[in-house]
Structure formats: C-alpha cells, structure tokens
Amino acid sequence: MQSQAGRLRTRLAAAPAPDPPRRNPFVFGARERAVHAVATSSRPRVVDRPGVPVVPDLVIELVGVAEQKTGDGTKRTAMLTAPGDQLFMVSEGQAFADRYRVSAVGPDAVELQDLVTGSTRRLALR
C-alpha cells in the first residue's frame, strides 16, 4: 500500500497545472459604442450616436435604510453596496461613485439619478 501511495504522490507532483480562466462569468464587458451611417449628398459617413453611454451600469444593491428623528422630521440614510466590498452611506441629494445622485430615500427603497445617462434607478430592499 505504501509503494502505491508513493507512486501516486510522484505522478501527482508531475501533473500539469490547470489553465487560468479566460473569462469571468460574473463581470460584464464594456459595451461598444453604437455607430450608424448618415447619408450625405455623395457618400455616407459614420458618426457616433450622441448620448449613448459607454460606461456599463454599476452593480449596486440596497442593504439597509437608517432613520433619524430630527426637529424637521425624519432623515433617512441609505446603505448601498457595490463590487469590491464598497459601502456607500448616502442621504437625499448626495452624489457618490462619480456617477449617481440620490433623488429620494424611502423606508424600503431608494431612487438614484444616473449623472451619465440621466436615467433613474429604483432599488428596493429584498
């Protein structure tokens, strides 16, 4: 039995290492900018579509909402997580991640305005 175990250890030591992964199925690639042709008098030319974002959306999750009673009413703070163990604690009107501004913080949801595209995202607690 000992001789067989020794042979197995020798064979495993000489085994090739697995190839590193070529892609990450949990990360989206950057989108290519859309291009379309515009007809002119003699020949078409290619132009970029203005307003089309090239930056993919940041994956953000609402993990909690804190409330604080003040003289003016209730002030809410949203706790948002993003990839890379990032934690954002933001209130209404604050900008974060160089891309979003908090439009509203409710008791179980938050609305974010995308400063790049102008669109609105609504995140709710799960």
Side-chain angles (χ1 to χ4, degrees):
M1 183 71 121
Q2 294 297 332
S3 66
Q4 293 294 330
R7 272 187 35 202
L8 181 59
R9 277 192 218 98
T10 305
R11 288 180 58 201
L12 285 176
D19 292 334
R22 293 188 184 104
R23 66 180 190 92
N24 185 348
F26 302 105
V27 176
F28 292 105
R31 296 180 186 171
E32 295 181 20
R33 293 190 76 167
V35 182
H36 67 281
V38 176
T40 59
S41 59
S42 61
R43 63 177 189 213
R45 64 185 175 101
V46 177
V47 295
D48 289 338
R49 285 185 8 201
V52 176
V54 293
V55 179
D57 285 340
L58 182 64
V59 179
I60 302 173
E61 184 178 350
L62 177 64
V63 294
V65 176
E67 293 184 350
Q68 180 180 10
K69 304 288 184 192
T70 64
D72 298 330
T74 302
K75 179 182 177 187
R76 293 188 178 104
T77 301
M79 285 151 276
L80 307 168
T81 58
D85 293 331
Q86 296 179 5
L87 175 66
F88 300 102
M89 296 178 66
V90 292
S91 299
E92 188 172 332
Q94 284 185 314
F96 69 98
D98 297 328
R99 176 143 185 204
Y100 297 99
R101 180 176 311 281
V102 180
S103 301
V105 179
D108 61 349
V110 64
E111 286 187 4
L112 307 174
Q113 180 184 10
D114 191 330
L115 300 176
V116 174
T117 65
S119 63
T120 301
R121 289 178 67 180
R122 179 176 166 80
L123 304 173
L125 286 172
R126 292 185 181 200

CG-OG1 distance between L123 and T81, expressed to the nearest 0.5 angstrom = 9.5 Å
Is there a donor-acceptor contact under 3.5 Å from the side chain of Q94 to the main chain of S91?
-> yes
Close side-chain approach of L80 to V90, heavy-atom, < 4.5 Å | yes
From L62 atom CG to R122 atom CZ, the distance as rounded to the nearest 0.5 Å = 10.0 Å
Does anything in residues 58-68 pair up under side chain to side chain donor-acceptor pair (under 3.5 Å), and if so which pairs, sequence neighbours excluded?
-> E67-R76
CG on L115 to OH on Y100, rounded to 0.5 Å | 9.5 Å
Hey, what do you get for CZ (F96) to CZ (R101), rounding to the nearest 0.5 Å?
-> 11.0 Å
Once you round to the nearest 0.5 Å, how far does CD1 of I60 lie from CZ of R99?
-> 8.5 Å
Compare all side-chain heavy atoms of T120 with those of D114 and state whether any distance is below 4.5 angstrom.
-> no
Go through the steps to decide whether T77 and V105 satisfy the test side-chain contact (heavy atoms from CB on, under 4.5 Å), and finish with yes or no.
-> CA-CA 7 Å; T77 301; V105 179; over 6 Å; no
pair V102-V110: side-chain heavy atoms closer than 4.5 Å | yes
From CZ (R121) to CG (L112), nearest 0.5 Å = 6.5 Å
Besides V63, the hydrophobic cluster formed by Ile, Leu, Val, Met, Phe, Trp and Tyr side chains linked at under 4.5 Å, directly or via other members, contains M79, L87, M89
Side-chain touch L58/P83, heavy atoms, less than 4.5 angstrom = yes
